[in-house]
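Here's the structure we're looking at; comments come further down.
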Amino acid sequence: MNGKHITKLGFGGRAIALALAAAKVRERVGISTQEILGELASVRDHPEAYVTGGVYADLAAELTSREARARAARQATLRPTPLPYRVWGEDLIEPGARTQMDVAMQLPVSRAGALMPDAHVGYGLPIGGVLATEGAVIPYGVGVDIGCSMMLSVLPLRPDALGTDETRKLLMKHTRFGAGVSFEKSFRGDHEVLHDPAWREQALLRHLRDKAAEQIGTSGSGNHFVEFGTLHLPAPDLGLEAGDYLAVLSHSGSRGFGAQVANHYTKVAQTLHPQLDPAARKLAWLPLDTEEGEGYWQAMNLAGRYALANHDLIHARIARALGAEPLAQVSNSHNLAWKQVLPDGEEVIVHRKGATPAEAGRLGLIPGSMADPGFVVRGRGNAEALDSASHGAGRQMGRKAAERALNKRDVQAYLKERGITLIGGGVDEAPQAYKRIEEVIARQRDLVDVVAEFRPRVVRMDTGHEDV
DNA sequence: ATGTGC
């Protein structure tokens, strides 16, 4: 048995080496060349029958994956008109975000979608966009900050138990902000996510694990924050009595690790769809039944777990410093894709890019700006919204527009009026650059119920391009 | 959002 036999059967590329390796295994157990060639022809003609196991499984997987890639390359044409989708808070949404959502709803793999009231323009899918696809995942449908998420810890302390200076010191000591930052080596935490077997299963992940270990427990830049504030719970819920509690709220993501996964697989997806309409180029997808699609799915989910681990460490550090055990915790990812079954029974991939999962009964967190209230919400499971809600107030000004329209004094006046202490923060994150959270919440009363209100008091963020 | 390639 040699390479000529293999290529004569029509195998090419990676399949040649896999076929040869399998043939050698069969030769070793005494099967004749003629018989092996017969078996290989059968794998070639019906690879799907061999993928589940046996000596030909790797070859069969390569063949089915190649078929899927070829299919993907052919699907380059957009639907002539977008599939219909519902919009919440249409009066709050700029036209550019609608246009982006329209393009997403023209993709051949799209099945359903919805736009949340905090929606604004992003890369590819708008922020606040929810998109259900069939058999495919879109890296830019999840976003660059894979697994970006919120976490709230309710502490067994009165809201006024800590002075402003003490709170500020806690935040300075136990949080780290900014692109590329990590904790000092001796101060670095560990977490079970760093020992996840998935890190060893892809070259990309093996390469990124050290960076992830360095940055664990940190917050990023942009709109990420860690803040102390008062949680007002009007009625018993979350396993707690009604009342006011000291609470910590954090917004963080998967840091450099997730960003590199996103950039890598976006390029892979674009390479897979060379003919895709340029209008949808940033929405290039990966079929889930390809090696590439499976690879992204694994890396994306690892980044999702890693982002939540960052929150875990932030909250654990703060709680330990206070000698307090949180009474309750709520968390949710708002940049991720999930497998979900539509009411008609079809299994789809639901991308939430800046959207909170809101299945009936599920708790979630919808923050306002650095100086506005945030809300603990409970999902109502609205099928037309694909069980989703907004992930925040949403920008009404882009970063550059905010820096043009506002200055430090505007932000300082806003903070002073509300009694908020800010560490770091840039004019681009000014509360005035965001939609009014009360209006955004009002537009989605059929998506979530409000459980509690969080009022920030001491906020830490990264320093912006123009500091406050 | 990231932290480096365009």
Side-chain angles (χ1 to χ4, degrees), chain A residues 97 100 118-129 138-151 175-183 204-205 207-226 250-271 281-283 296 299-300 302-311 314 332-337 351-355 367 369-370 391-395 397-403 424-430 433-434 460-466:
Chain A
Q100 287 188 316
D118 59 341
H120 56 99
V121 171
Y123 280 108
L125 195 66
I127 317 297
I138 303 171
Y140 262 143
V142 169
V144 177
D145 191 5
I146 301 173
C148 186
S149 38
M150 302 295 313
M151 186 180 275
T175 67
R176 291 290 180 278
F177 281 80
V181 304
S182 52
F183 270 102
L204 175 72
L205 299 179
H207 171 68
L208 292 172
R209 198 222 166 239
D210 283 352
K211 181 193 271 288
E214 276 174 26
Q215 296 190 324
I216 197 151
T218 63
S219 310
S221 56
N223 57 6
H224 288 175
F225 61 75
V226 180
S250 58
H251 182 201
S252 184
S254 53
R255 312 291 285 103
F257 158 49
Q260 291 203 32
V261 169
N263 290 332
H264 172 81
Y265 278 103
T266 292
K267 280 186 208 128
V268 172
Q270 291 180 346
T271 310
R281 187 166 162 72
K282 288 207 171 77
L283 292 169
Y296 177 74
M300 177 200 80
L302 182 59
R305 294 194 291 279
Y306 175 77
L308 290 174
N310 284 332
H311 289 277
I314 292 166
N332 68 267
S333 308
H334 53 223
N335 284 7
L336 210 64
H351 303 72
R352 295 192 181 86
K353 187 188 192 183
S369 75
M370 57 161 80
H391 83 311
R395 285 190 163 276
M397 280 180 216
R399 294 183 181 284
K400 282 175 197 154
E403 280 174 356
V427 172
D428 56 340
E429 285 297 326
Y434 282 84
R460 185 174 184 195
M461 302 184 83
D462 187 30
T463 46
H465 173 248
E466 198 185 336

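Proteins get letters first, then strands, A, B, ... in listed order; numbering begins at 1 in each.
With rounding to whole Å, A:N223 atom CG is found 4 Å from B:dA1 atom P. At whole-Å resolution of the value, CD in A:E214 and C1' in B:dG3 are 13 Å apart. Between A:K211 atom NZ and B:dT4 atom P the separation is 6 Å, expressed in whole Å. If you take NE2 of A:H465 and C1' of B:dA1, they are 16 Å apart, rounded to a whole angstrom. The CD1 atom of A:I146 sits 14 Å away from the P atom of B:dA1 (whole-angstrom rounding). Taking atom CZ of A:F177 as the reference point, atom P of B:dA1 lies 12 Å away to the nearest angstrom. For the pair A:M461 CE and B:dA1 P, the interatomic distance rounds to 9 Å; values are reported in whole Å. Rounded to an integer number of Å, the gap from CE of A:M300 to P of B:dA1 is 19 Å.
Listed by chain and residue number, A:E429 satisfy the salt bridge (Lys or Arg N to Asp or Glu O under 4.0 Å) test with A:R395 (two or more places apart in sequence, or in another chain).
When heavy atoms are screened at a 4.0 angstrom cut-off, A:Y123 is found touching base atoms of the nucleic acid. Counting non-hydrogen atoms under 4.0 angstrom, A:G220 reaches the backbone sugars and phosphates but no base.
Side chains of A:S219 and A:H224: no donor on one and acceptor on the other come within 3.5 Å. Looking at A:H391 and A:D118, their side chains do bring a donor and an acceptor atom within 3.5 Å of each other.
Neither OP1 nor OP2 of B:dA1 sits under 4.0 Å from any side-chain N or O of A:S221. Put simply, A:Q215 has a side-chain N or O that comes within less than 4.0 Å of OP1 or OP2 on B:dG3. Phosphate contact (OP1/OP2 of B:dT2, side-chain N/O of A:R255, threshold under 4.0 Å): present.
Taking CD1 of A:I314 as the reference point, atom OG1 of A:T175 lies at 7.5 Å (rounded to 0.5 Å).
The side chain of A:R399 sits closest to B:dA1 out of B:dA1, B:dT2, B:dG3.
In this pair, A:Y123 and A:Y140 present their aromatic rings parallel. The plane angle is below 30°, not in the 30 to 60° band.
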